[in-house]
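Working notes, structure below.
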Amino acid sequence: MATLKEEALAYKPPQTLNIADLDVIPVDLEIYEKEAKNAKGERFKFKYVELNGEQYRVPNSVFEGLQTIIELKPNVTKVRVKKIGTGLNTRYKVEPID
């Protein structure tokens, strides 16, 4: 059995990563929706995918970019998402892999 100290050191708070943290994203991943609270305590909803037991948030602009790619390349199976900027200036670029 672990001690309080060991548990505290091993503890990782639950967090949702960003889809741009992945190197390769299969386009057939199932989308889920979740509700959370921001720093001001206001509720908001966001969409995410699960991969290898982790949750990755999918910004709306990623859906827009992927839609364009699918229109041009309907058989795409994998993409990559690049995150550019920070905060309110964050932009996402979706690129086909195959």
Side-chain heavy atoms under 4.5 angstrom apart, residues restricted to Ile, Leu, Val, Met, Phe, Trp, Tyr: same cluster for Val24 and Leu22? no
Kindly compute the distance separating CD (Glu35) from CZ (Arg43), expressed to the nearest 0.5 Å. 4.5 Å
Same hydrophobic cluster for Phe46 and Val81, using side-chain heavy-atom links shorter than 4.5 Å among ILVMFWY? no
Looking at every heavy atom in both Pro59 and Asn18, which two are closest together, and how far apart are they? CG-ND2, 4.1 Å
State, to 0.1 Å, how close Lys37 and Phe44 come at their nearest heavy-atom pair, and which atoms those are. C-CE2, 3.6 Å
Taking Val27 as the starting point, is it possible to reach Ile69 by hopping between hydrophobic residues whose side chains are less than 4.5 Å apart? yes
Shared hydrophobic cluster, Leu29 / Phe63 (ILVMFWY, side-chain heavy atoms < 4.5 Å): yes
In chain order, what residues pass the ring-ring contact (aromatic ring centres under 6.0 Å, His included) check against Tyr48, with sequence neighbours excluded? Tyr32
Tell me which pairs pass side-chain hydrogen bond (donor to acceptor under 3.5 Å, both in side chains) where either residue lies in residues 76-86, with sequence neighbours left out. Thr77-Asp98, Arg80-Glu95
Check the hydrophobic clustering (I, L, V, M, F, W, Y; side-chain heavy atoms under 4.5 Å; chains of links allowed) and say if Leu72 and Val94 are grouped together. no
Shortest non-hydrogen contact from Asp21 toward Tyr56: CB-CE2, 4.2 Å
Check Glu6 against Met1 and note the closest heavy-atom contact, atom names and distance. OE1-O, 4.4 Å
Around atom CG of Asn38, are there more than 12 heavy atoms of other residues, nucleotides or ligands at under 6.0 Å? yes
Other residues, nucleotides and ligands only: do more than 12 of their heavy atoms fall within 6.0 Å of CD1 on Ile84? yes
I would like to know whether Ile19 and Tyr92 meet side chain to side chain contact (heavy atoms under 4.5 Å, CB included); could you show each step before the answer? CA-CA 10 Å; Ile19 197 161; Tyr92 296 91; 5.5 Å; no
Pro96 and Val76: which non-hydrogen atoms are nearest, and at how many Å? CB-CG2, 3.9 Å
Applying ring-ring contact (aromatic ring centres under 6.0 Å, His included), can you list everything that pairs with Tyr11, at least two apart in sequence or on another chain? none
